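Before any comments, here is the structure.
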2 protein chains.
Amino acid sequence: MVERGSVTPDDTSRSSRDPLPGANLGALRGHNDALVLGLLRAAGPAGLGRADLAARTGLTPQAVSKITARLRAEGFVADAGRGASTGGKPRTLLRLAADARHAVGVHADRDELRAVRVDLAGTVVDRLRTPLDFAAGPDAVAAAVARAVHRLAGPAGAQALAGVGVAAPGPLDWRTGVMGRVTGHPQWEGHPLRQAVADRLRPGDGVGDGNGGSGPPVVLDKDTNAGAAASGPDSGTSLYLHVGTGLGAGIRLGGEVHRGPRSAAGEFGHQVLLLDGPPCRCGGRGCAEVLCLAAVARGDLPEAARILGEGAANAVALLDADRVWLGGRVVQQAPEVFTAGVRRALKARAFGGPTPGVATARAGVAEGAAELALAPLFGRKA
Amino acid sequence: MVERGSVTPDDTSRSSRDPLPGANLGALRGHNDALVLGLLRAAGPAGLGRADLAARTGLTPQAVSKITARLRAEGFVADAGRGASTGGKPRTLLRLAADARHAVGVHADRDELRAVRVDLAGTVVDRLRTPLDFAAGPDAVAAAVARAVHRLAGPAGAQALAGVGVAAPGPLDWRTGVMGRVTGHPQWEGHPLRQAVADRLRPGDGVGDGNGGSGPPVVLDKDTNAGAAASGPDSGTSLYLHVGTGLGAGIRLGGEVHRGPRSAAGEFGHQVLLLDGPPCRCGGRGCAEVLCLAAVARGDLPEAARILGEGAANAVALLDADRVWLGGRVVQQAPEVFTAGVRRALKARAFGGPTPGVATARAGVAEGAAELALAPLFGRKA
DNA sequence: TCCACTTTGGCAACAGTGTTGCCTAAGTGC
DNA sequence: GCACTTAGGCAACACTGTTGCCAAAGTGGA
């Protein structure tokens, strides 16, 4: 049953040109439900009282009571004891029932697949890791992803999952779930990977059993966007920088992942840092990537970190970001060197103002993919 | 009367850290009203039928009838004749009643003040231009701005305006309306310019007449953000580049101006394009600004355009922008040279994909400031 | 021990939203 | 002249958050 005016996770037909949809009572309820759920999630196991929720949402306590009663009836919210009294009746605390639902996040990387199952709080409850040959092509990868999801899904099966997030390298269209031209793998271009995975997760278990039951919602996103989402449900404006076989970035603005109208946002590696510098494989000259990876190749990690930092400072200044996360295999070789180098570059450009925090990513891309799958429950588009 | 849960233009107490507010019926109505008004605005004088509005909003025709009846009773919407029949009763067209309200936009630049009065459609109906000495300090500038608004306000007076937008150079906090450290003008730091202007626009006309009537809502924003808004109510992801005494940028993502958590977004001029290059006045080396302005100073405009284009390409790739607007006095010296240079740089980085459109800004900063003042009516935060 | 006070939070009635079902008006096309 | 299509209003409706009121459950002073 599709409600008019409300946006479901599967609603990808709407182009970004179209206006925001009109809102009806269903959309209003969904908004407030997600808002309350998000606040309870952020509060953690300690929970929150109804009065706290009312103060933070701007709704009346009575409305909060109705909303929480509904969420409790659906199993999303549970009691968490009582708080201390502040001169009157102590508040009855509520917490997110983290076990109510689960999501699976999959990182389909060039040479291996990592997958995690998380609960509603984002806590990893199961994980899995297998080799993967991305060059084997779409069908093999879609099958491997679906296999991983089934193995992790738990006793209730894949269709009970709140969502499945798939992170893959290279250009792809987040809205349609179709892959673009992945460097070195031309056979991927135009493949509807999201649909291929979704088909394999339907109850019938086989591909193309037309109008069988519907499986869990599947989202496909760039690995860098998943990396950005891995920093958790924080609402900041942050930048995730990935240094692996190339340089990439994921952008979060006010908590939302920014993808751009063509899902191409986050192109970070081919920004020019040295006009007319050494040629890059992209055809340009003096790109951050060619400079940074050259420094890595000759073992000069501090210089690589400096270059990464200069590129980061350019992006931070443009976006007014307040946090930078670093990830990827190269960073993991020497986390302190990279964080220190980036921090130094940012500080030099801060002109005495506050410097964004710099840290290595606290969770992997698979965790971020799971976060993307959970996001709609908590009122985020992504 | 402040409605709980709804966001008014004056609601600046909410930090960007707070969650989105809960929505009640008032917020829902406001959302739909603004949505319909925005669609009618975009449709222009030709107008739109109720069925068109229903299709684009996702609301039922009946809901659209109620909404348009309300807007018509308030004078915001008027009849626009009938459309052609498509096999049945021809639709009754509705259009925005552009004359229903007006807004004033003011550009307080370093050496002159430009102001415009626009109607709801954004059409300029009056304009004004006077010298201004920004160095004369906050009080003199606030007085000059208020004077300009009063002179342009029209017969109904300033308090009848739908809004007043003020664009000023340099760092400032959009949320609080407080100025930052303007280069070369230390006396500005910390001055609450927005409040100062608002005080002078209250019915009593004098400063500090405490609880007199309330004047029109005032917004204060960076000139570059106003420049970005000047491209009209288009919902794209675009970049406005300003080349004057420095290099600045205004960012629009999905139609909304992106300001960042500290209102500092759009810092474009001090991105490093030439690592360890010539020193810049900011203390860094090889910034886009120092390279570009040096080329301008020696008369090499094509090289200046190339440098601007390389910086633009960096930003476009990061944001996935689909449009670039150029403005500022230096660009106006040789618009074709700059548009061609920027276009060439963007094309070289597009890797065969679509290239963002490049053009000189079609309206000035004052027009953009007026647009920012009107934005809340049409459902945009900015 | 009692009692005033504070705070939590549910019940019932309410105002107001968009939706549904049904109707009339006003065209087209055979 | 008539069947058909499309636009758009009226009335009843389901459901939202809000308001007014009250009971429950604490604190703290007399």
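Computed from a predicted model, the values in this text were never measured in an experiment.
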Between D:dG8, D:dT16, C:dG27, spot the one nearest the side chain of A:Leu25, thanks. D:dT16
Would you indicate which nucleotide in C:dT19, C:dT17, D:dG17 comes nearest to any side-chain atom of A:Ala63? D:dG17
B:Pro61 backbone acceptor or donor facing B:Arg50 side chain under 3.5 Å: no
Can a salt bridge be assigned to the pair B:Asp52 and B:Arg91 using a cut-off of 4.0 Å between side-chain N and carboxylate O? yes
Verify the distance criterion only: is there a donor paired with an acceptor across the side chains of B:Arg323 and B:Thr237 at less than 3.5 Å? no
For the side chain of B:Gln62 and the base of D:dG9, is some donor closer than 3.5 Å to an acceptor across the two? yes
In plain terms, say whether A:Arg259 and A:Asp221 are close enough for a salt bridge, that is, a side-chain N and a carboxylate O under 4.0 Å apart. yes
Closest non-hydrogen atoms of A:Leu93 and A:Ala46, given as atom of the first, atom of the second and distance, are CD1-O, 3.7 Å
Can you list, by residue number, the residues of residues 42-49 of chain B that have a non-hydrogen atom closer than 4.0 angstrom to DNA chain C? none
Starting from the C-alpha separation in whole Å, work towards a yes-or-no answer on side chain to side chain donor-acceptor pair (under 3.5 Å) for A:Arg252 and A:Ser231. CA-CA 10 Å; A:Arg252 244 172 126 170; A:Ser231 51; 3.2 Å; yes
Counting just side-chain N and O atoms, does B:Asn32 come under 4.0 Å of either OP1 or OP2 of C:dG18? yes
Does B:Thr68 reach the main-chain N or O of B:Val64 with its side chain, forming a donor-acceptor pair under 3.5 Å? yes
side-chain N/O A:Thr60 vs D:dT19 OP1/OP2, d < 4.0 Å: no
When you measure from the side-chain N and O atoms of B:Arg82 to the phosphate of C:dA26, is any distance below 4.0 Å, counting only OP1 and OP2? no
Between A:Trp174 and A:Arg194, what is the shortest heavy-atom contact and its length? O-NH1, 4.1 Å
Nearest-angstrom distance from the residue atom CG of B:Leu53 to P of D:dG9: 12 Å
Sorted by number, the residues of residues 64-75 of chain A with heavy-atom contact under 4.0 Å to DNA chain D: A:Lys66, A:Ile67, A:Arg70
Verify the contact: side-chain N or O of B:Arg50 to OP1 or OP2 of D:dA7, cut-off strictly under 4.0 Å; return yes or no. no
